[in-house]
**Q** 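Please find one structure pasted underneath; my questions will follow.
Letters A, B, ... mirror the listed sequences (proteins, then strands); counts begin at 1.
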Number of protein chains: 2
Amino acid sequence: MAEKEITIKDVARLAGVSVATVSRVMNGRDRVSDATRKKIQRIIEELNFVPNTMAASMVNKKTHMLAVVVPEIQNPFYTAVIGGTVEAAKKEGFSTLVVSTYNDEAEEEEFFEGFLGRNVDGIILIGTHKEAGFYRNIRKPTILVDRYINDCGHDGVLIDNFRGAYEAARHFVEYGHERIAIIDGAHDFNDGKDRYWGYHQALHEHGIVPEPGYHKQGKWLEEDGYRFTMELMQSAEPPTAIFATNNVICTGAIKAIRDLDLRIGEDISLIGFDENELAQFVQPRVTVVGRPMREMGIQATEMLIQKIKTPPGEQTKLKRIVLDVELIKRGSVKKLN
Amino acid sequence: MAEKEITIKDVARLAGVSVATVSRVMNGRDRVSDATRKKIQRIIEELNFVPNTMAASMVNKKTHMLAVVVPEIQNPFYTAVIGGTVEAAKKEGFSTLVVSTYNDEAEEEEFFEGFLGRNVDGIILIGTHKEAGFYRNIRKPTILVDRYINDCGHDGVLIDNFRGAYEAARHFVEYGHERIAIIDGAHDFNDGKDRYWGYHQALHEHGIVPEPGYHKQGKWLEEDGYRFTMELMQSAEPPTAIFATNNVICTGAIKAIRDLDLRIGEDISLIGFDENELAQFVQPRVTVVGRPMREMGIQATEMLIQKIKTPPGEQTKLKRIVLDVELIKRGSVKKLN
DNA sequence: TTGAAAGCGGTACCAC
DNA sequence: GTGGTACCGCTTTCAA
């Protein structure tokens, strides 16, 4: 397991040339005579020599690695973004490594201070921190995905949360709903906040004043979706529609509805945010606001690599790409009018 | 974004000491006078200096990083293993990075040849390669998880697939089933093969000869579960029970049963392998063979770190840890007798 | 207690 | 074309 590693020096010695020449052959930049090249290549082969990437990185300050840092690796939304990133990175010759912070700020900080954070060429970040200061301290090409903090100093790839929620709520209204509840979580990030206000505006525009009791705030957890749906449906005046603002809340809501022996799209209308297994399984299937998850990863990665390749001098000003969402209508919203 | 990095030299110069002394203060090993230590610490603070981990690693050959390489990051089984790994690694002061090979051998090879594979201290590997040769080439502390290849030269943390399948099949038999189908995939790895033969033995022991048409082999995909369940149930002599040998096949089977308008545990009995969302959602819930996924990650990581810390001389002989599985009985198996 | 200097394993510039 | 060599940023003897 731990024989002394073979180095470029060994190769040079055995080939009877200098390390410089071996280096040339490895990188194929400078030209080397065919004879020596052949000989060196043979020795490399024989010795099964693999250059130490770290040593190389020390001098040229490049690792050709990207990190994608997500809050939670178990959430299919994030794994889809990761998939897009890996694909796009590979195309450009970069390797990708994944880090999950498990929604823990300390964990996120450790990444940046540790080996990884300091040695990747760039970072795709779905952050956990809420203050711009944290992000401003990141001195490395970074693209924020999904969650964006104003004044953070980095580019972002986002989706139009406001519009997604607006469309969902409007869909309810158009179908004649007025008692429309929303289950979300803390408004720590733009995404959650925007979804709430999108919903809010759609209602207002149609003269509906959202009843305070219809706004349930948890922690963006499945159990919140479950508990609040239970509460709502068992209250004196249950809503006719529920907007579940992320995929796990939606899962919880579906389970609650099932346990309450209610029929989706009949006894209660439901719209979720993001695709999820259950939403596609139940009958009728659940209408959701879909976002181009994989595409977000791809776009972010392309921006990132672009940025990495741009000489420090000519950095352009900050930009944010906003991708569109789509209301995927299925059968979970009952027509009341 | 790219001001010149601060180095240990800058600190040394400003503190009016040698780099050696700064290094001492940073690592806290050697003793340094209180006065100089204070001064150096102040400068480090002021400059916001963070040492270059790569340079350090070059000399002490340690990165304190572990990689966990999985075939597919979207599969909850693997993310659970990852979770266990991250937890255990953290306890011992190691960072963990995740790499998904997407079931692609080339991708897996690239990892080992690239920056990451060469610079982590150890690897938790759920491999994609099928030949022992590939694994024997890995010259780094490595633990194989779940999938094990004989003669690979590494320790492993496995589960008793044979027994899990055996228990599942026996459960069917005890409940009076005789027409028991099994859906699996290629027997490339021990896990799949063992599951098939566990099933096979249980039937044989009870004098049941598995009908060839009841063994459906696909690619371990959800669509296989769906397609084969359809085929089986629409055949001239449909089985009374189906053993879905992994989580996604089970998901597919559940969907097919739903689309066929059949009732689980009534028209068709079903047992899955590994927990999954749908198995717990449908009514009645689906009986599954459960494995201690997170625990597998933890055990593997502890073995790995142990190994990393063991001096090369005194390596012990190979060992495999086999964790137990558990048949989680729920309502999806009908009593026929 | 502190400093000088020799690496770690490469890269790249400058000579020849 | 090829070799010599000064780094990259840090750790670690060895001396002082």
**Q** Does A:Gln306, at its CD atom, have more than 12 non-hydrogen atoms belonging to other residues, nucleotides or ligands within less than 6.0 Å?
**A**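 No, not enclosed.
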**Q** Closest heavy-atom contact between B:Arg291 and B:Ile159?
**A**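 Where B:Arg291 meets B:Ile159 most closely, the heavy atoms are CD-CD1, 3.5 Å.
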**Q** Measure from NZ on B:Lys61 to P on D:dT11 and round the result to the nearest Å.
**A** 14 Å
**Q** Please check if atom NZ in B:Lys130 has more than 12 non-hydrogen atoms from other residues, nucleotides or ligands closer than 6.0 Å.
**A**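 Yes.
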**Q** What's the CE-C1' distance between A:Met26 and C:dG10, to the nearest Å?
**A**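 Interatomic distance, CE of A:Met26 to C1' of C:dG10: 7 Å.
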**Q** Identify, between A:Asp30 and A:Ile8, the residue whose nearest nucleotide on DNA chain C lies closer to the 5' end.
**A** A:Ile8
**Q** Rounded at 0.5 Å granularity, tell me how far NE2 in B:His154 sits from CG in B:Leu125.
**A**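 Reported value, rounded in 0.5 Å steps: 8.0 Å.
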**Q** Counting side-chain heavy atoms from C-beta on, which of D:dT11, C:dG10, D:dC10 comes nearest to B:Asn27?
**A**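 The answer is D:dT11, which lies nearest to the side chain.
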**Q** Over all strands shown, is B:Met54 touching base, sugar-phosphate only, or nothing at heavy-atom distances under 4.0 angstrom?
**A**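 No contact at all - B:Met54 keeps every heavy atom at 4.0 Å or more from the nucleic acid.
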**Q** Could you tell me how far apart A:Glu5 (CD) and C:dC8 (P) are, to the nearest whole angstrom?
**A**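 After rounding, the reported distance stands at 13 Å.
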**Q** Hey, could you give me the CD1/CD distance between A:Ile143 and A:Gln299, rounded to the nearest 0.5 Å?
**A**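 So the CD1 of A:Ile143 and the CD of A:Gln299 are separated by 11.0 Å.
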**Q** Return the CD to CH2 distance between A:Glu72 and A:Trp220, rounded to the nearest 0.5 Å.
**A** 15.5 Å
**Q** To the nearest 0.5 angstrom, please state how far the OG1 atom of A:Thr310 sits from the CD1 atom of A:Ile305.
**A** 11.5 Å
**Q** Starting from P on C:dC8, measure out to CE on A:Met58 and report it in whole angstrom.
**A**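 Going from A:Met58 (CE) to C:dC8 (P), I get 14 Å.
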**Q** Any residue in residues 39-48 of chain A with a heavy atom nearer than 4.0 angstrom to DNA chain C? Just list them by number, or reply none.
**A** none
**Q** Heavy atoms only: give me the nearest B:Ala132-B:Asn150 pair and the separation to one decimal.
**A**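 Nearest heavy atoms, B:Ala132 then B:Asn150: CB-O, 3.5 Å.
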**Q** So how far is it from B:Asn137 CG to A:Asn48 CG, rounded to the nearest 0.5 Å?
**A** 7.0 Å
**Q** Between D:dG9, C:dG10, D:dT2, which nucleotide has the shortest distance from any of its atoms to the side chain of A:Ser33?
**A** D:dT2
**Q** Rounded to whole angstroms, how far apart are CD1 on B:Ile6 and P on D:dG9?
**A** 12 Å
**Q** Rounded to the nearest 0.5 Å, what separates atom OG in A:Ser100 from atom CD1 in B:Ile73?
**A** 9.0 Å
**Q** Looking at DNA chain C, which of residues 113-123 of chain A put a heavy atom within less than 4.0 Å of it?
**A** none
**Q** At 4.0 Å (heavy atoms only), tell me whether A:Thr36 reaches a base, stays on the sugar-phosphate, or touches nothing.
**A** sugar-phosphate
**Q** Can you confirm whether more than 12 heavy atoms, excluding those of A:Glu45, are under 6.0 Å from its CD atom?
**A**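 Count not over threshold, so no.
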**Q** Whole Å only: how far is the CZ atom of B:Arg29 from the C1' atom of C:dT2?
**A** 17 Å
**Q** Under 4.0 Å from any atom of DNA chain D, heavy atoms only: list the residues of residues 9-25 of chain A that qualify, in numerical order.
**A** A:Gly16, A:Val17, A:Ser18, A:Val19, A:Ala20, A:Thr21, A:Arg24
